[in-house]
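One structure below.
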Amino acid sequence: PAIRLSRVDLHATLKERTRGGTVRDQFRSLLVVAQVAAALMLMTGAGLLIRSLHQLSLVDLGFAPDHLLTLRVTPLPAKYDEKVDAQIRLGDDILRNLEGLPGLVSAAISTNIPLQGTPRYYYLVEGGPLYTVATAPTMDYFAVTPAYFETMRIPLIAGRAFRNTDNRNAPQVVVVNETFVKLHFPDGRALGRRMQIGLGEPPEWREIVGVAKDVKNDGLDRRVRAQVYAPYFHSPSIIGNQATTFTVVVRSVNQPESLAGAVRQRILAADRAQPVWQVQSMEENIAQTLSQQRFTLFLMAVFAGVAFLLAIIGLSGVVSYTVAQRTREIGIRLAVGAQPGRVLWMVLRHALLLVLAGIFAGIVGALLVTVRLESMLYNTSPRDALTFAAISLVFLLTAAVSGWIPARRAASIDPAITLRNE
């Protein structure tokens, strides 16, 4: 504006004035269109991320995360390495100490739990093809106590869970998940079949005694791999006889955090030398897996909100400026009999046309840009029609509201006063 005013052509200005100020500032309108387009692109991205997070919240985890408390325990290597009986006794003592704790429904031990990372191991299925290390399939491994499936509320599709008798004196057994069965037993008959963990010779076959529901393990948006559960009281560690970190899982009646102190004390009562750490609810674990998506959504929502606010301020400013420039014209229209409603629509239409142009440009830009978000979306298309339509409708309604005030002011102009001033 300053540059334009420094180069004023007096003759052209007076001529424009005599025409009633009907020459519109195309550059100013173009800026508003660009603001609307940029804001729509950002808001569409934020909308797609919101849709994606909503889809993630509907994912079937395979277990019930509510009222679950998890505590990590790391047995001291100097005290428990190469001492399998001592490792088993520690786990058994912890579970016995937790029995009868007020507010506790059930408790179990697992070497790993969902969404906290699980080591993968090679495996073979009896009667299946032979593999090398380069070609062998891998699975998620869990060594769990008998109450694990009950505590986590992981449904058993077939067979049975582990029993207290599945100890070091009993044959080796395992429970596998649905994906394992689909990969190796298309007929669905997995019970009684055998598999081997690792590629050792001679093979140590383990009988499949149960099939559990698939559990989301690596992330809510990741596919489920083959999963194998072994009885903790038979072999707490899969790597030689090394003592490994395990997790105590507790299901409570009320909020799990209320039991954290009491559970920790009873774990330490089994052996006070063992570190107890990462005490948190399962719902906190799930929230941590979504932290990256939430942070990205937060940043995009902030930028989208600022862009939206600037677009609306720019739109309202342009409409108000247009009304001020056309005051004489509007006064003449009203003086010769124009209805206030037609004047109101004339001004409001200008605002809506600017927004429609911005929406069109924004949709084209969003279709090109949101494809880059595809890797961050879960079960949501980067061209989701519902999101595009909802954001466009928000802009149209906001444009109508922001343009209504200056339009009403234009429709209420007193032609006598306006002409007298002119």
Side-chain angles (χ1 to χ4, degrees), residues 54 56-75 88-118 142-157 159-166 175 177 210 212-217 219-220 227 229 231-233 236 245-272 274-291 294:
H54 176 68
L56 283 173
S57 68
L58 301 178
V59 168
D60 183 5
L61 300 173
F63 65 95
D66 59 297
H67 297 90
L68 275 182
L69 180 71
T70 63
L71 306 92
R72 300 283 279 174
V73 179
T74 303
I88 293 175
R89 187 164 53 252
L90 174 62
D92 187 56
D93 289 344
I94 289 174
L95 295 181
R96 289 181 182 277
N97 289 346
L98 291 175
E99 290 179 0
L101 182 65
L104 184 142
V105 177
S106 61
I109 287 175
S110 176
T111 51
N112 303 284
I113 60 172
L115 305 177
Q116 282 195 347
T118 305
F142 307 80
V144 302
T145 55
Y148 178 76
F149 297 103
E150 173 192 353
T151 303
M152 296 290 290
R153 292 186 180 171
I154 300 175
L156 286 179
I157 308 302
R160 65 172 178 88
F162 298 129
R163 303 167 181 154
N164 290 328
T165 53
D166 292 319
V175 171
N177 69 333
K213 185 176 181 179
D214 283 346
V215 171
K216 287 288 185 180
N217 192 40
L220 303 183
Q227 297 167 347
Y229 302 87
Y232 182 86
F233 289 144
T245 297
F246 59 84
T247 301
V248 178
V249 185
V250 171
R251 180 168 293 278
S252 63
V253 175
N254 301 312
Q255 291 299 320
E257 293 83 358
S258 63
L259 283 181
V263 172
R264 187 174 185 277
Q265 288 301 319
R266 298 206 176 194
I267 292 175
L268 291 174
D271 188 343
R272 292 198 170 274
Q274 311 317 306
V276 179
W277 52 285
Q278 200 170 327
V279 181
Q280 59 185 5
S281 69
M282 182 59 72
E283 291 177 335
E284 289 177 324
N285 292 336
I286 296 173
Q288 288 177 1
T289 65
L290 296 175
S291 59
R294 292 182 190 276

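We number each residue from 1, following the sequence as shown. Just the heavy atoms: all of them, side chains too, but no hydrogens, waters or symmetry mates, feed the values below.
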Does a side-chain heavy-atom distance below 4.5 Å link Pro146 with Arg163? no
Indicate the atoms forming the closest heavy-atom contact of Lys216 with Gly219, along with that distance. CD-O, 3.7 Å
Mind checking side chain to side chain donor-acceptor pair (under 3.5 Å) for Arg96 and listing every partner two or more places apart, or none if nothing turns up? Asp92
Value rounded to 0.5 Å, distance of CG in Leu56 from CZ in Arg294: 9.0 Å
To the nearest 0.5 Å, what is the distance between CG on Leu95 and OH on Tyr232? 9.0 Å
Would you check, one step at a time, whether the test side-chain contact (heavy atoms from CB on, under 4.5 Å) holds for Thr70 with Gln280? CA-CA 6 Å; Thr70 63; Gln280 59 185 5; 4.0 Å; yes
Considering all heavy atoms of both residues, which atom of Val249 and which atom of Thr151 are nearest to each other, and what is their separation? O-CG2, 3.7 Å
side-chain contact (heavy atoms from CB on, under 4.5 Å) for Leu156 and Val175? Distances and angles first, verdict last. CA-CA 9 Å; Leu156 286 179; Val175 171; 4.2 Å; yes
Taking all heavy atoms of Pro236 and all of Ile88, pick out the closest pair and write down the distance. CG-CG1, 3.5 Å
About how many Å separate CD1 of Ile154 and CG of Asn177, when rounded to the nearest 0.5 Å? 10.0 Å
The ring pair (Phe, Tyr, Trp, His ring centres under 6.0 Å) partners of Phe149 (sequence neighbours excluded) come to Tyr229
A side-chain contact here means heavy atoms from C-beta on lying under 4.5 Å apart; do Phe233 and Asp166 qualify? no
Would you check, one step at a time, whether the test side-chain contact (heavy atoms from CB on, under 4.5 Å) holds for Leu68 with Met152? CA-CA 8 Å; Leu68 275 182; Met152 296 290 290; 3.8 Å; yes
Between OG1 on residue Thr247 and CD1 on residue Ile109, distance to nearest 0.5 Å: 9.5 Å
Measuring only between side-chain heavy atoms, which start at C-beta, is Val105 closer than 4.5 Å to Val253? yes
Do Ile113 and Asn285 make a side-chain contact, defined as non-hydrogen atoms from C-beta onward lying under 4.5 Å apart? yes
Which atom of Ile94 lies closest to which atom of Ala270, heavy atoms considered: CG1-CB, 3.7 Å
Do you know which two heavy atoms are closest between Leu98 and Ala107, and how far apart they sit? CD1-CB, 3.8 Å
Nearest heavy atoms of Pro114 and Phe142, plus distance in Å: N-CE2, 4.5 Å
Once you round to the nearest 0.5 Å, how far does CD of Glu284 lie from OG1 of Thr289? 12.0 Å
Flag side-chain contact, heavy atom, 4.5 Å: Leu220 against Leu61: yes
Evaluate the side-chain proximity of Leu268 to Gln274: yes if any heavy-atom separation is below 4.5 Å, no if none is. no
Checking Thr111 side chain against Ala143 main chain: does a donor-acceptor pair fall under 3.5 Å? yes
What residues, two or more places apart in sequence or in another chain, satisfy salt bridge (Lys or Arg N to Asp or Glu O under 4.0 Å) together with Lys213? Asp60
Working note: Asp93 + Asp271, criterion side-chain contact (heavy atoms from CB on, under 4.5 Å); need CA distance, chi angles, decisive distance, verdict. CA-CA 9 Å; Asp93 289 344; Asp271 188 343; over 6 Å; no
Side-chain touch Arg251/Asp66, heavy atoms, less than 4.5 angstrom: yes
Listed by chain and number, what are the side-chain contact (heavy atoms from CB on, under 4.5 Å) partners of Glu150, not counting sequence neighbours? Ser106, Ala147
Please enumerate all residues that pass side chain to side chain donor-acceptor pair (under 3.5 Å) together with Thr74, with sequence neighbours excluded. Thr245, Trp277
Under the rule for ring pair (Phe, Tyr, Trp, His ring centres under 6.0 Å), what residues qualify as partners of Tyr148, not counting sequence neighbours? none
Under a 4.5 Å cut-off applied to non-hydrogen side-chain atoms, are Arg272 and Gln265 in contact? yes
Working to the nearest 0.5 Å, report the span between CG of Leu259 and OG of Ser281. 12.0 Å
